[in-house]
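By convention in this document, chain letters (A, B, ...) are assigned in the order of the sequence lines, proteins followed by strands, and residues within each chain are numbered from 1. Only a predicted model underlies this, so the values are computations on that prediction, with no experimental measurement involved. Below, each value reflects all heavy atoms present in this structure, side chains not excepted, and no hydrogens, waters or symmetry copies.
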Protein chains: 2
Amino acid sequence: MSTTIHAPNKVASTSGKPTRRLANRTRTKSSARSNETPVDQNSDKQPANIQQHEANTDAMDSMDDAQKKPTIRDVARLAGVSYGTVSRYLNGNTHVSQDAAERIAAAITKSQYTPNNAARSLAQRRTLTVALIIQVESNETIAQASMSRAMAGANQVLGDAGYQMVTLIANSEDSTRRIAQLVQSDFSDGYLLFSLSEDSMLANTFASVKRPVVLSEVRERENLPFPAVDFTNTEGQRDITRYLLDQGRTKLVYVCGPGYSPSSNNRFDGFKAAMGDRFNERHVYYADDWEGTSGEMAVVEFQPMLDELDGFVCANDSIALGVINQLNRFGYRVPDDIAVTGFDDSPIALLANPKLTTVRQDSQLHGETMSRLLLSMLQGDIVEPHYVQLLPTTIAERQSA
Amino acid sequence: MSTTIHAPNKVASTSGKPTRRLANRTRTKSSARSNETPVDQNSDKQPANIQQHEANTDAMDSMDDAQKKPTIRDVARLAGVSYGTVSRYLNGNTHVSQDAAERIAAAITKSQYTPNNAARSLAQRRTLTVALIIQVESNETIAQASMSRAMAGANQVLGDAGYQMVTLIANSEDSTRRIAQLVQSDFSDGYLLFSLSEDSMLANTFASVKRPVVLSEVRERENLPFPAVDFTNTEGQRDITRYLLDQGRTKLVYVCGPGYSPSSNNRFDGFKAAMGDRFNERHVYYADDWEGTSGEMAVVEFQPMLDELDGFVCANDSIALGVINQLNRFGYRVPDDIAVTGFDDSPIALLANPKLTTVRQDSQLHGETMSRLLLSMLQGDIVEPHYVQLLPTTIAERQSA
DNA sequence: CTGTTAGCGCATTCAA
DNA sequence: TTGAATGCGCTAACAG
């Protein structure tokens, strides 16, 4: 077995560094380990070989190490100015004399001062962070390329504007509830909500929130609680279906994504729109997720009538890959016998054999656009809840159709 | 073109809700739009049709809406107690009379009070958050299933312990610098550092940090700055190589991952270990990334000698899929002519044709274990920097080898 | 240009 | 059990 678990080395003292200076006033620090531990800490599964030290001087030392961070006052004292001046210096702009600035700068490096986030946020009443909240049914959803690209795009735009993006994952009732609380407590200045599910538990939470929110998907524009940015899912799927129809392929099966997903439903609408009268409810496979195995199952389901079919239009690329693989196994040639299309243009589209013809969407742009909208709201622009911006989709023509 | 961009509706007033009560003392709120905007806000790419309102009463109203959140004092006043009592009530435990508790509860729901995060953090000197920091060269790395599974695992364990996991992405110099600052300012109580790169710019930043840190990868145990949890990458790759050797396949090519990745290098070590004297430096393809296209390129590179080869051992699943596809295109049968193995056991292993034989690692466990270690450190346990915990890997035997 | 002062909202002593 | 007071570290208004 390749199951080597290295026994960890024995534990040494916390560090060789000398204890810090700057310890003038003696702090009150009772509560010597009682409420150090937060709620619900279940410490039963402790890794072995870790020194479980009880409340002793060592503990104090390590705590001190964490607490004795120099403050703005220490810097002021060192520089021989009032701490108001230091604050001004730190906030860049206002009038500080050359002389004072230099002394402060020196004092800062000498004391290794770093500002405290919480204090700043409290005084300014803003955190300079934007939370990107991902609400998912399945953890696999986070792994989708579109998601990480959107995150990258948002991270870039928000970062350039001076905001730090922090992403929170709501994948259970607990985590959703916890995040809901945070949102109510002004954890961030604004929120990008990737609620990949229609019955959003979070929606209610957000209803009363006083900070700007932007959504990533929209199904019904009418009762949209917040502005949103989405793709032209419907048009994209409609167009690629027409693309097949134009080739004379009319016996099409649709493999639908999970019913809780707005995008999934919008894409399905697009397929129906293109098919018109030719739409056949029995030529639809309803998947529970976005995974490749669902595509395989779809093909198995339709095996008896495979000879009469022209193509599979799939809700996304993973499903399409599953379809292609299963068709290959059954001995059908793609696209000669049966064409297959996907949606997303994720990297795996290129790993398909034959390479996947799919609907391309620029997910990075998605994140960027949502962020720009949020930023404008953070600036004070008022955007009505029904505001929707739709991003274009195009057909990426490859080999599978 | 399927490029429908809906023109957004015109803008309405911010909300129909009446202005809030609780406005006793008149606030000083000068700075009427000047420094509302944070640093570097480049507002040139504003979406159209959004009312860019200037400083007027509307702006004030919306600002007020965000600010007039009730505080603990408002609750106290409503309940007829001192705000100290309310604080005690909120923090669960200590002595509060039944009577007072009920009145406070009523006051809270009536005033819609929600605590303020920053104030709490400041007073408690802890945030009850743990930051999971992903430092990547390529954004595609975030999309890997292993990453999202680790995140899910960490989110679960940390959440159960009362901590909120917040993930930060460092994918540029700017973002890395920004995150480094946050870390210095006690943004979170602890850090899970997924530094998927050896020359970590963050490492220096973290060197002086006073909060617990756990790493996700380890190359050299000796000079490890923090405790780490990793997989038995070396043993895993060694074992699957032996698995091929035991089949009599000795003419093996290794497709190496990016050189900046510890895991990549460790896996390479494993291959070499298994090959021993048979290791041939010229039978190695050094990829720059973890992508499938690199696998394809590797096969192209070795095309002239493909007939003499027994198998491809790949640094991860994506690369392996690229190898399989390219071999298929060249008319080689997998595994009959040439075997192919991967590493990770990600979902795409099942989308390969034939299905991929690979090294399995439990990435969710990775996130969980890192989190448990961090939690123990947050409790005060002292873990020496060289502490390393290695998680097992096993062979997932399928069809490709 | 700079020092002083007053909070930001909450936790936590200390008396009562 | 509770009220009052102090401080967390910093920002921002106001005098000077």
Side-chain angles (χ1 to χ4, degrees), chain A residues 22 25-31 34-35 66-77 79-104 108 111 113-128 184-187, chain B residues 22 25-31 34-36 66-77 79-101 103-104 108 111 113-128 184-187:
Chain A
L22 287 169
R25 46 191 165 178
T26 44
R27 281 273 179 42
T28 56
K29 58 169 76 76
S30 53
S31 75
S34 54
N35 55 6
Q67 294 188 1
K68 234 173 300 164
K69 280 188 57 177
T71 76
I72 201 176
R73 289 174 217 260
D74 297 316
V75 173
R77 200 178 318 127
V81 295
S82 81
Y83 63 88
T85 307
V86 177
S87 173
R88 264 170 301 225
Y89 170 84
L90 288 173
N91 297 324
N93 37 345
T94 27
H95 324 288
V96 178
S97 71
Q98 183 71 19
D99 180 53
E102 284 167 5
R103 304 223 308 285
I104 293 173
I108 286 178
S111 64
Y113 165 82
T114 52
N116 176 290
N117 201 261
R120 238 196 216 299
S121 300
L122 178 57
Q124 287 187 145
R125 264 154 302 158
R126 72 177 180 189
T127 64
L128 286 182
Q184 298 301 61
S185 65
D186 281 353
F187 178 77
Chain B
L22 287 170
R25 46 193 162 174
T26 44
R27 281 272 179 43
T28 56
K29 59 168 75 76
S30 54
S31 74
S34 54
N35 54 6
E36 293 298 330
Q67 295 188 1
K68 235 173 300 163
K69 281 188 56 177
T71 76
I72 201 177
R73 288 173 217 262
D74 297 316
V75 174
R77 202 178 318 126
V81 295
S82 83
Y83 63 86
T85 308
V86 177
S87 173
R88 264 169 303 221
Y89 170 83
L90 288 172
N91 296 323
N93 35 347
T94 28
H95 324 287
V96 178
S97 70
Q98 183 70 20
D99 179 51
R103 303 222 308 285
I104 293 173
I108 286 178
S111 63
Y113 165 82
T114 51
N116 176 291
N117 202 262
R120 242 171 144 76
S121 299
L122 178 58
Q124 289 186 140
R125 264 151 302 158
R126 72 178 179 190
T127 63
L128 286 182
Q184 297 302 60
S185 64
D186 281 353
F187 178 77

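- Across dG9(D), dT2(C), dA11(C), the shortest atom-to-atom separation from the side chain of Val96(A) is found for dT2(C).
- Within the 4.0 Å cut-off from OP1 or OP2 of dG9(D), not a single side-chain nitrogen or oxygen of Thr71(A) is found.
- Nearest nucleotide to the side chain of Arg120(A), out of dT2(C), dA11(C), dT11(D): dT11(D).
- Take Tyr83(B) and apply the side-chain contact (heavy atoms from CB on, under 4.5 Å) test, not counting sequence neighbours, and it matches Ile72(B), Arg73(B), Ala76(B).
- The side chain of Tyr113(B) lies closest to dC10(C) when the candidates are dC10(C), dC10(D), dG3(C).
- Comparing the axis of the opening five pairs of the helix from dC1(C)-dG16(D) to dA16(C)-dT1(D) with that of the closing five pairs yields an angle of 40°, rounded to 10°.
- Put simply, Thr85(A) has a side-chain N or O that comes within less than 4.0 Å of OP1 or OP2 on dG3(C).
- In this structure, the nucleotide among dA11(C), dC8(C), dG9(C) sitting nearest to the side chain of Gln124(B) is dA11(C).
- When the side-chain hydrogen bond (donor to acceptor under 3.5 Å, both in side chains) test is applied to Ser121(A), no partner is found at least two apart in sequence or on another chain.
- Within 4.0 Å (heavy atoms only), Ala100(B) reaches sugar-phosphate atoms of the nucleic acid but no base atom.
- For the pair Ser87(B) and dA11(C), the criterion of a side-chain N or O lying under 4.0 Å from OP1 or OP2 is met.
- For Arg88(A) against dG3(C), a side-chain-to-base donor-acceptor contact under 3.5 Å is present.
- The shortest distance between the side-chain N/O atoms of Asn116(B) and the OP1/OP2 oxygens of dC10(C) is not below 4.0 Å.
- Across all strands, Val86(B) comes closer than 4.0 Å to no nucleic acid atom at all (heavy-atom distances).
- Here Ser82(B) pairs with Thr85(B) under the side-chain hydrogen bond (donor to acceptor under 3.5 Å, both in side chains) rule; sequence neighbours left out.
- With sequence neighbours excluded, no residue forms a side-chain hydrogen bond (donor to acceptor under 3.5 Å, both in side chains) with Gln124(B).
- Considering only side-chain atoms of Ala123(A), the nucleotide from dT4(C), dG9(D), dC8(D) that sits closest is dG9(D).
- Contact annotation: Ser121(B) does not reach the phosphate of dC10(C) (side-chain N/O to OP1 or OP2, under 4.0 Å).
- Considering only residues two or more places apart in sequence or on other chains, Ala79(B) meets the side-chain contact (heavy atoms from CB on, under 4.5 Å) condition with Val81(B), Arg103(B), Ile104(B), Ala107(B).
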